[in-house]
Amino acid sequence: MCLNLIEPHVKDKASSEELNMILTQYVDTLSQRVKYHIGYPINLYYEHHAALAPLLQFHLNNFGDPFTQHPTDFHSKDYEVAVLDWFAQLWEIDKDEYWGYITSGGTEGNLHGLLVGRELLPDGIIYASTDSHYSIFKAARMYRMELETINSLVNGEIDYEDLRSKLLVNKNKPAIININFGTTYKGAIDDVDMILQILENCGYSNDRFYIHCDAALYGLIVPFINHAKIITFKKSIGSISVSGHKFLGCSMPCGVQITRKTYITTISRKVEYIASIDNTISGSRNGLAPIFLWYSLSMKGHVGLQQDAKMCYENARYLKDRLHKAGISAMLNEFSNIVVFERPCDDKFIRRWQLSCTRDMAHVVVMPGTTKEIIDNFFKDLMQEREKWCGITLAPCLSDDIGSQNCLCSYHNMHH
């Protein structure tokens, strides 16, 4: 789609009609492509846009601390605090012990969490696994912090032995550790308890480490799956960030960042111009996002989120089983909704299904709108196209990427 700005013509309605026609065509295109969006973690199925559309006529700006009085009427801080209270309760931290705000997305949450960690431990080293989100490494560059990249296990979890050895080497400096609740590509969950035990065994007292939990996607899935690892401030963690537009669904990118109230003073500065405290990454903040999140959480509730999590959990296993039965290498972590499989050979197929690919892998992120009908259509299309590819190229060996037990290349299939 190649667009140019259109200069309005005086006393000519044609220009506005042309604009409306362009937008109508764009809406039609997006509507047709919704059922082919399976490669990225976005929930495109929500019904609050009509009810909330009248709010688009107002400019709502939540600049400053969410818990301070706003100098204008055009804000949504009451909604913001209601959403934050909901997440605080979900992650088990008392109302008078937490501080948080609604961000522009997961990256801003990670930037804020690691900034708090750095201000608490100025000479601290960031520890992050190779499977961590790219924003963690961006934060290290932006803040000019020392970074130790930790190897990942084949399933995407942090390599605990590598973490232990590097913590011991750098024992003279505090540790700022990024823990993943659902890695970006494989959906792996790092073991908080094991990491806390490693820190204790390596001689790190509570005042010499800070843990940030990147729960961009799984922060709203894991709490609603039975027997899954728990995200909670009852453990010695410093902050948690989650995306609002991913599992829950929102018309605009947004997220939630929560930390301990005693920590936020390290980055707080009073700004007279806005009659508030500056303790967020961005200055101006989208005032529509809190209302959209408040409305979605109110409509779904715990029961609705639990139903969505269960459906995604089951549909992901359905897809993985279909791929395996067809002889296609595939991996699915426990409590995950991300199915990793061998990369399709055709770039047009990848683009049609909007897949995310890296090396010889592709993945499907099963979201609340990813029905079995969509999965079946994708699988049917994949099998039809794969018949063309198989005569040209052999299926790649993915044992190093997803484990030999999940690889069905000619060599490992024979051994299975």
Side-chain angles (χ1 to χ4, degrees), residues 48 51-91 93-122 135 138-139 142-144 210 212 219 233 238-245 248 250-298:
H48 51 44
L52 302 179
L55 291 166
L56 292 175
Q57 65 185 301
F58 301 108
H59 173 83
L60 302 178
N61 191 334
N62 285 14
F63 57 78
D65 189 312
F67 300 94
T68 60
Q69 188 174 359
H70 202 280
T72 80
D73 294 329
F74 292 89
H75 67 91
S76 62
K77 286 189 176 182
D78 293 338
Y79 294 90
E80 183 171 15
V81 172
V83 171
L84 295 172
D85 285 346
W86 188 92
F87 277 96
Q89 186 177 30
L90 182 70
W91 294 332
I93 184 168
D94 291 340
K95 185 177 175 66
D96 60 350
E97 292 182 358
Y98 89 87
W99 182 92
Y101 77 106
I102 291 180
T103 66
S104 61
T107 290
E108 185 176 347
N110 289 337
L111 290 174
H112 191 275
L114 293 175
L115 177 62
V116 172
R118 189 198 69 175
E119 294 303 289
L120 287 168
L121 304 169
S135 61
K138 178 191 288 188
M142 287 176 64
Y143 302 150
R144 300 195 175 187
Y210 179 93
H212 171 69
F233 275 98
S239 52
I240 304 173
S241 64
V242 65
S243 294
H245 58 280
L248 181 62
C250 188
S251 302
M252 60 212 69
C254 58
V256 172
Q257 159 71 356
I258 286 185
T259 186
R260 298 181 187 275
K261 184 179 274 188
T262 54
Y263 292 170
I264 197 61
T265 55
T266 61
I267 66 168
S268 298
R269 303 290 183 273
K270 187 174 181 179
V271 179
E272 187 176 8
Y273 171 67
I274 60 172
S276 184
I277 305 295
D278 175 34
N279 43 24
T280 60
I281 295 292
S282 55
S284 292
R285 296 189 295 110
N286 188 341
L288 290 171
I291 304 176
F292 278 63
L293 293 177
W294 169 84
Y295 190 88
S296 293
L297 289 170
S298 299

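FYI, side chains are in, hydrogens and waters are out, and symmetry mates aren't considered; it's all heavy atoms of this structure.
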ring-ring contact (aromatic ring centres under 6.0 Å, His included) contacts touching residues 264-292 (sequence neighbours left out):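 Matches after skipping sequence neighbours: His48-Phe292.
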
Take atom [atom1] in [X]; do more than 12 heavy atoms of anything else shown fall under 6.0 Å from it?
{"X": "Glu97", "atom1": "CD", "answer": "yes"}
{"X": "Asp96", "atom1": "CG", "answer": "yes"}
{"X": "Gln57", "atom1": "CD", "answer": "yes"}

Exam field: side chain [X] to backbone [Y], donor-acceptor pair closer than 3.5 Å:
{"X": "Arg260", "Y": "Phe233", "value": "yes"}
{"X": "Thr280", "Y": "Ser282", "value": "yes"}
{"X": "Ser76", "Y": "Gly287", "value": "yes"}

Only one of Leu60, Thr68, Ile102 forms a side-chain contact (heavy atoms from CB on, under 4.5 Å) with Lys77, so which one is it?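 For Lys77, the side-chain contact (heavy atoms from CB on, under 4.5 Å) check succeeds only for Thr68.
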
Distance, nearest 0.5 Å, that separates [atom1] of [X] from [atom2] of [Y]:
{"X": "Asn279", "Y": "Lys270", "atom1": "CG", "atom2": "NZ", "value": "13.5 Å"}
{"X": "Phe87", "Y": "Leu293", "atom1": "CZ", "atom2": "CG", "value": "6.5 Å"}
{"X": "Ile274", "Y": "Ser284", "atom1": "CD1", "atom2": "OG", "value": "9.0 Å"}
{"X": "Leu114", "Y": "Ser135", "atom1": "CG", "atom2": "OG", "value": "8.0 Å"}
{"X": "Ser239", "Y": "Ile264", "atom1": "OG", "atom2": "CD1", "value": "9.5 Å"}
{"X": "Ser243", "Y": "Glu108", "atom1": "OG", "atom2": "CD", "value": "11.0 Å"}

Partners of Asp78 by salt bridge (Lys or Arg N to Asp or Glu O under 4.0 Å), sequence neighbours excluded?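 If we apply the salt bridge (Lys or Arg N to Asp or Glu O under 4.0 Å) test to Asp78, skipping adjacent residues, there are no hits.
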
Lys138: what forms a salt bridge (Lys or Arg N to Asp or Glu O under 4.0 Å) with it, not counting sequence neighbours?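 Partners of Lys138 by the salt bridge (Lys or Arg N to Asp or Glu O under 4.0 Å) criterion come out as none, since no residue qualifies.
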
Students often mix this up, so state it plainly: with edges at 30° and 60°, are the rings of His112 and Trp99 parallel, tilted or perpendicular?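 Parallel.
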
Could you pull out the closest heavy-atom pair between [X] and [Y], with the gap in Å?
{"X": "Gly238", "Y": "Thr259", "answer": "O-OG1, 2.7 Å"}
{"X": "Gly105", "Y": "His245", "answer": "CA-CE1, 4.4 Å"}
{"X": "Leu111", "Y": "Tyr143", "answer": "O-OH, 2.8 Å"}
{"X": "Pro66", "Y": "Tyr101", "answer": "CG-CB, 3.5 Å"}
{"X": "Val81", "Y": "Lys95", "answer": "CG1-NZ, 4.3 Å"}

Verify side-chain contact (heavy atoms from CB on, under 4.5 Å) between Thr266 and Arg118, making sure each step is shown before the conclusion. CA-CA 10 Å; Thr266 61; Arg118 189 198 69 175; over 6 Å; no

In the structure I gave you, are the side-chain heavy atoms of Leu90 and Trp86 within less than 4.5 Å of one another anywhere?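 The answer is yes; the side chains approach within 4.5 Å.
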
Under the criterion side-chain contact (heavy atoms from CB on, under 4.5 Å), I'd like the reasoning laid out for Phe67 against Ile277: C-alpha separation, chi angles, the key distance, then a yes or no. CA-CA 9 Å; Phe67 300 94; Ile277 305 295; over 6 Å; no

Without hydrogens or angle criteria, can the side chains of His70 and Asn62 be said to hold a donor-acceptor pair below 3.5 Å?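 Asn62 and His70 do not have a side-chain donor-acceptor pair below 3.5 Å.
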
Any luck finding a side-chain donor-acceptor pair between Glu119 and Tyr210 under 3.5 Å?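 Checked: Glu119/Tyr210 side chains show no N/O donor-acceptor pair below 3.5 Å.
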
If you apply the rule side-chain contact (heavy atoms from CB on, under 4.5 Å), what do you find for Ser241 with Thr103, and how did you get there? CA-CA 9 Å; Ser241 64; Thr103 66; over 6 Å; no

May I have the step-by-step check of side-chain contact (heavy atoms from CB on, under 4.5 Å) for Asp85 and Tyr98, ending in yes or no? CA-CA 9 Å; Asp85 285 346; Tyr98 89 87; 2.6 Å; yes

